[in-house]
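See structure below.
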Amino acid sequence: MRSRLRRLVLGATALFTAASALPAAAAPSQGRAEQHPSRDGMSAVIRYTEYGIPHILAKNYADLGFGTGWAQAADEVCTLADGFVTLRGERSRYFGADTAADGALSGARTNLASDLYFRGVRESRTVEKVLAEPAPVGPSREVRGMMRGWAAGYNAWLKKNKTTDPACAGASWVRPVTELDVAARGLAIASISGEGRFVDTITTAKPPTGTTTAGSGPSARKPDAKAVAKAADELWGDPGMGSNAVAFRGDTTANGSGLLLGNPHYPWEGGRRFWQSQQTIPGELNVSGGSLLGTPAISIGFNTHVAWSHTVSTGVPANFHRLNLDPADPTTYLVDGKPERMRKRTVTVAVQDGAPVTRTQWWTRYGPVVTSLNSQVPLPWTSTTAYALYDPNASNLRFSDTSLGFSKAKSTDDVLASLARLQGIPWVNTIAADRAGHSLYTQSQVLPRITDGLAERCSTELGRTTYPASGIAILDGSRGDCALGSDPDAVGPGIFGPARMPTLKDAPYVENSNGTAWMTNADRPITGYERVFGTVGTQLGLRTRGGIEDVAAMADKGRLTVRDLQRQQFANRVPAGDLAAGDVARACAALPGGSATGSDGKPVDVWEACGVLKAWDRTMDTGSRGALLFDRFWPRLERAVPPGQLWKVPFSAADPVGTPNTLNTDVPGLATALADTVTELRAAGIALDAPLGAHQFVVRDGERLPVPGGAGQLGVWNVIQPTWDAAGGGYTEVPFGSSHLQAVGWDGSRCPVARTLLTYSQSSNPESPHFADQTRLFSGEKWVTSRFCEKDILSSPKLKVVRVHERH
């Protein structure tokens with residue numbers, strides 16, 4: 001049986017050997033294949049290995065997209081279909097207008113707001129206009145082929161298979177898709193941190209009428225500069241996505257090759273999940289890694305020569321323009337004294353069990369009119385003033401091409417070249433390492449071209465507060481000389497060119513944990529970039545401090561291997577605990593009678609907590625006793641004590657990794673936070689010294705799986721942001737945290753040395769055998785040995801070969 005299966009695989013692989021023999025000069029024949037698909041339609045061979053990981057083998061890019069779309073549908077059809085309902089603006093029709101939106105593709109709070117926005121995007125033909133642009137502004141022929149193939153593969157799977165996932169089995173909203181749908185998903189992902197965050201206000205903005213102004217009452221008051229700056233910082237300072245990544249230079253490793261550890265923190269549920277695969281076109285492309293669902297290319301991954309990952313950056317991906325309005329018409333604004341009429345988008349949305357809803361959106365040369373940063377901070381549209389949002393990623397379909405460039409890269413210089421040529425990364429940093437021993441960090445992303453000089457010259461009164469405080473520019477939109485302008489090396493106007501991007505090459509280590517570019521390497525700080533990219537010389541987050549401490553020590557130790565990366569991922573060290581737990585335990589022990597007063601004014605016996613914190617091992621391992629106590633205590637303390645009073649030794653830019661330090665145990669909030677934590681745990685029936693895994697777990701297939709890791713607020717590298725359910729036993733689900741992990745290096749062979757782990761497993765279908773298999777590995781802090789080379793794929797004991805095709 002085993003030899004028969006091997007012959008089958010070799011026979012399928014032989015279909016592609018002619019392509020593998022082609023020299024690089026034969027590339028034009030690939031183009032002809034893209035233009036003239038076979039009469040039988042698209043096809044691919046999918047070889048599944050352990051944990052349902054597909055290795056997709058194809059003759060050209062359209063076929064590769066076909067195999068990818070098929071395999072993604074097999075694992076995630078309901079999640080994907082739900083996203084396409086969003087992109088078509090049909091959530092209200094199927095799920096109700098007032099129901100909470102799915103949140104994967106925008107920040108809309110309701111289905112109605114989501115539909116009004118995405119239907120507007122569709123009816124304005126935004127995606128078609130970008131697709132019509134020649135590369136590199138529009139997608140390349142290869143990516144167009146992959147998108148077309150992805151749609152065909154998804155549709156072919158729907159046609160030939162029965163959906164077993166109870167989330168959408170038999171649902172009428174599971175429908176075929178088009179290349180346009182796939183492109184629209186890519187555009188939504190690119191703009192999710194810009195326009196996507198403002199869907200609610202874009203779809204509700206109304207001009208003033210009669211004697212009243214839009215938002216009369218509280219919203220008509222003049223925006224408070226400090227409140228706006230704070231809201232803006234919260235809006236883009238806590239993106240709902242995160243990550244860690246580190247690359248090591250060859251002289252720190254055991255064999256002179258580079259090393260990369262990628263640890264993106266993403267949702268465990270819904271449309272922002274990663275999905276694993278290997279994509280191969282013999283002689284042309286061979287890459288393995290994780291793709292964002294619904295996208296055809298590998299988003300983070302590795303090949304024979306290079307490995308890369310991304311972390312959400314501190315760059316502010318959008319800005320505002322204050323409009324001076326025509327006194328006679330609040331939908332007309334003035335630029336250099338000349339009137340321009342706003343463009344109306346009137347959108348009608350079908351609603352389940354109700355009449356259709358029609359609303360109008362208002363658009364300007366800068367972008368849509370918005371009337372707030374959030375529900376507490378208005379930007380009112382009055383008879384004289386309005387605000388417009390500019391998001392350069394709202395027309396950025398270059399992410400897949402940039403990623404494809406990474407997939408083909410043979411060095412970190414090739415990664416930089418892809419970024420420079422295509423400029424398609426919307427809201428993340430890139431960290432990479434290569435076989436030759438090079439390391440790379442770059443914040444090469446699509447940002448509005450806000451220079452410090454432009455902000456100084458053109459900021460409104462409000463912008464003069466928000467820009468220094470948070471990087472949010474609010475410019476005078478009435479002046480033509482305040483336009484964002486162009487860089488000569490940028491692919492288009494209004495964005496920075498690659499020469500301005502904060503970049504660090506070939507440092508012993510480069511590390512990012514969602515902090516600014518400044519502290520990528522503590523010995524080689526990056527400076528000189530514009531404020532819109534992030535700050536310089538400001539206090540670091542605990543996860544950044546802990547990450548730099550760890551990786552700097554690793555680099556100093558030297559002779560590093562992939563195994564060291566694996567240990568770092570699951571060290572589960574708590575930097576906040578190292579800094580403060582001992583002081584808290586001592587302050588606890590000094591409380592008179594071992595008692596503290598809770599926030600309700602009642603005394604609480606906290607004596608037991610003193611010993612638990614003293615004995616705690618300062619980790620978030622599943623067996624750690626005291627971890628849960630500290631985890632519930634620390635956020636309470638930070639909420640109760642102003643940042644400037646929490647530490648005795650304040651932050652110093654001269655020692656950014658070591659400061660602030662020395663907990664101020666004299667603050668009254670400490671004893672109260674401790675009392676409230678003890679009360680909470682006892683009320684839930686949880687012992688103060690209970691092992692973390694007994695109360696931080698997920699249930700899969702009826703089995704409780706302990707989950708290691710902890711909150712980024714504690715500084716933990718292995719971030720887990722679980723849901724607290726005291727009645728259910730503690731942290732009973734993980735909606736967000738470590739996701740597609742990869743630890744990659746190279747040895748003397750042609751095959752990369754790679755360990756991977758998709759923490760939430762490959763499929764969200766509870767009927768799938770790959771619904772929880774990798775989650776069990778994550779629970780036990782185990783990894784998957786990547787099967788990259790043919791010999792490793794063919795030797796898999798779980799090998800399953802599927803030839804998929806589209807017949808006309």
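Heavy atoms only: backbone and side chains are in, while hydrogens, waters and symmetry mates are out. Remember, predicted model here, so these are calculated numbers, not experimental data. One is the number of the first residue; the rest follow in order along the sequence.
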Open item on the list: I need the Thr203 OG1 to Tyr117 OH distance, nearest 0.5 Å.
Closed with: 10.5 Å

- [ ] Tell me, please, which residues at least two apart from His740 pass ring pair (Phe, Tyr, Trp, His ring centres under 6.0 Å).
- [x] none

Open item on the list: Nearest 0.5 angstrom please: Phe496 CZ to Leu484 CG, how far?
Closed with: 8.5 Å

- [ ] Could you walk me through whether Tyr154 and Phe66 pass ring pair (Phe, Tyr, Trp, His ring centres under 6.0 Å), step by step?
- [x] CA-CA 7 Å; Tyr154 177 89; Phe66 181 86; over 10 Å; no

Open item on the list: Show the nearest heavy-atom pair for residues Ser277 and Ile298, with the distance to one decimal.
Closed with: OG-CD1, 3.6 Å

Task: cation_pi(Arg345, Trp362) dist<6.0 Å, angle<=45 - done: no

Task: Spacing of CH2 belonging to Trp150 relative to CE belonging to Met42, to within rounding of 0.5 Å - done: 13.0 Å

Task: Shortest non-hydrogen contact between Met147 and Pro296, atoms and distance - done: CG-CG, 4.1 Å

Task: Atom pair CG (Leu112) and CZ (Phe95), whose distance is rounded to the nearest 0.5 Å - done: 14.5 Å

Task: Electrostatic pair Asp336-Lys338, nearest N-O below 4.0 angstrom - done: no

Open item on the list: Looking at Glu133 and Arg398, is any side-chain nitrogen of the basic one under 4.0 Å from a carboxylate oxygen of the acidic one?
Closed with: no

Task: Parallel, tilted or perpendicular, as decided by the 30° and 60° cut-offs, for the rings of Phe274 and Tyr266 - done: tilted

TODO: Can you sort out the partners of Arg322 under salt bridge (Lys or Arg N to Asp or Glu O under 4.0 Å), two or more places apart, ordered by chain and number?
DONE: none

Task: Carboxylate-amine/guanidinium proximity below 4.0 Å for Arg88 and Asp115 - done: no

Task: For Thr465, all residues meeting side-chain hydrogen bond (donor to acceptor under 3.5 Å, both in side chains), sequence neighbours excluded - done: none

- [ ] List the atom of Arg365, the atom of Arg343, and the distance in Å for their closest heavy-atom pair.
- [x] N-NH1, 4.1 Å

Open item on the list: Using every non-hydrogen atom in the two residues, find where Gln445 and Val428 come nearest and quote the distance to one decimal.
Closed with: CB-O, 3.9 Å

